[in-house]
Amino acid sequence: MPATTPTLRLLKAEDVLDGLRGLRARQPVKFWAFYSSQLGGVVTDPALMVIPFDDHMVHRGHGIFDTATLIGGKIYDLEAHLDRFIRSAERSNLQLPASREQMRDIIVRTTAASGRRDGAIRYWMSSGPGSLELSPAAGAEPGFFVMIFAGLSYPDRWYTEGLRVMTTTFPIKPPLYAITKSTNYLPNVLMQMEAKKAGLDNGVFIDEAGHVGESSNMNVAFVTRDGVFRHPKFDHILSGCTSLRLLELAPALVQRGFITGVEVCDIPVDEARAAREMMLIGSSIKVASIVEWDRARIGDGAPGPVAKALLELLEEDMRSGRDRLIDVPY
Ligand SMILES: Cc1ncc(COP(=O)(O)O)c(C=O)c1O
């Protein structure tokens, strides 16, 4: 907003469009295609990628979302992301706006409309517009939105030198909310901002029992001193699709001598701090080593070989995991 309060004009529809275009001109975005069930189609002009303010997803956070990766003209692991999307909808008491097959088809066709071969696909389900109350408005139609965009990007340094993280001072979400991928990310946002303010890269949630939780939009995993790849249980954190896939792929690293085993269990903070390796895992970051936690070194303070090997396994799966890739019909 300008320093002085402008006169309040009564805007016509064309003025609103100009205003939205002005916003985008001041702050260019890499949003390539957007489907809205409310608009009944796909738009490619970012100024038109809008949701009515009275949708309860906007003013009450009654909505859910998920994100899948677009790689080389194929969508990776969409079924796993759709499973989680539908589970999140059920837990949030959201009515499905369409069948799973229809939603998958809309996601695939919106991707085709973008013309892009690499990026990210985020989709939302909303409770719908119609009032400023809490429960869905009378006659509210649940919304479905799909965005094809450039994806989140992280500094190269995270991969070459590793990340520095801190235990957040913000409480972890109670399990029901942590396992549901709703649009309520306030603790996650506050955690990441707190870490950045402290000159660090991200935060880590610890639960009330003193077990490691997760990071802002990523899971956390470890390699113990005796070489076990250890991941926190998924009953109090989000079931990361990337972590779940890596837990399936990791046994190959036992055979190759990188690790001695794979375990999903509660991880007490003290044990975690003694790890040989610590890493962040997620669709956007993939796999990156944490080299410092609360100002103390993890392992020898350099990115570790297991994180690197897991990243390679994941990248290979993303390129050629035939049963996990959907072709986009451009
Ligand atoms: C809180 C949280 N934990 C973990 C993850 C990692 O999940 P995924 O591997 O499906 O990206 C995400 C990202 O979706 C997240 O938001």
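Indexing begins at 1, ligand by ligand and atom by atom, following the structure's order.
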ask   = Below 4.0 angstrom, N of the basic side chain to O of the carboxylate: do D317 and R245 qualify?
value = yes
key: Distance filter under 4.0 Å to G282 heavy atoms, resulting ligand 1 atoms   = 9 (O), 11 (O)
query = Closer than 4.0 angstrom: is that true for some heavy atom of S216 and an atom of ligand 1?
reply = yes
request  = Would you please say whether a donor-acceptor pair under 3.5 Å links the side chains of H62 and S182?
outcome  = no
ask   = Would one find an N or O of L238, backbone or side chain, under 3.5 Å from an N or O of ligand 1?
value = no
M218 contact mode with ligand 1 (heavy-atom cut-off under 4.0 Å) = backbone
key: Shortest non-hydrogen separation from A275 to R225 and the atoms involved   = O-NH2, 3.9 Å
task = Name the closest protein heavy atom to atom 2 (C) of ligand 1, giving the residue it belongs to and the distance to 0.1 Å.
result = E214 OE1, 3.5 Å
note = Logged contact type for S284 with ligand 1, heavy-atom cut-off 4.0 Å, is neither
query = To which protein heavy atom is atom 16 (O) of ligand 1 closest, and what is the distance rounded to 0.1 Å?
reply = Y185 OH, 2.5 Å
Ionic contact status for R319 with E316, cut-off 4.0 Å = yes
task = Return yes or no for this condition: an N or O of R84 is under 3.5 Å from an N or O of ligand 1.
result = yes
message = One residue to check: I237. Relative to ligand 1, which of side chain, backbone, both or neither has a non-hydrogen atom less than 4.0 Å away?
response = neither
note = If we number the atoms of ligand 1 from 1 as shown, the ones under 4.0 Å from a heavy atom of H81 are 10 (O)
request  = Would you indicate whether D226, at its atom CG, is surrounded by more than 12 heavy atoms from other residues, nucleotides or ligands within a distance under 6.0 Å?
outcome  = yes
note = Only residue of F85, F65, F145 satisfying ring pair (Phe, Tyr, Trp, His ring centres under 6.0 Å) with Y123 is F85
inquiry  = Counting only heavy atoms not in E101 (residues, nucleotides, ligands), do more than 12 fall under 6.0 Å from its CD?
reply    = yes
query = Under 4.0 Å from ligand 1, counting heavy atoms only, is it the side chain of T242, its backbone, both or neither?
reply = both
query = Counting from 1, what ligand 1 atoms have a heavy atom of N188 closer than 4.0 Å?
reply = 1 (C)
message = Give me the nearest non-hydrogen protein atom to atom 11 (O) of ligand 1 as residue plus atom name, then the distance to 0.1 Å.
response = S283 OG, 2.7 Å
Heavy-atom gap T67 to ligand 1 smaller than 4.0 Å = no
inquiry  = Taking D83 first and then R100, would you say they form a salt bridge - that is, a charged N and a carboxylate O separated by under 4.0 Å?
reply    = yes
key: P142 to P97 - nearest heavy-atom pair and separation   = O-CB, 3.7 Å
task = Can you pull out the closest protein heavy atom to atom 6 (C) of ligand 1? Residue, atom name and distance to 0.1 Å, please.
result = N219 OD1, 3.6 Å
Salt bridge flag under 4.0 Å for residues D45 and R24 = no
message = What protein heavy atom lies closest to atom 7 (O) of ligand 1? Include the residue and the distance to one decimal.
response = G240 CA, 3.3 Å
message = Checking a contact table here: which protein heavy atom is nearest atom 14 (O) of ligand 1, and how many Å away?
response = K181 NZ, 2.7 Å
query = Ion pair present between E79 and R104, side-chain N to carboxylate O less than 4.0 angstrom?
reply = yes
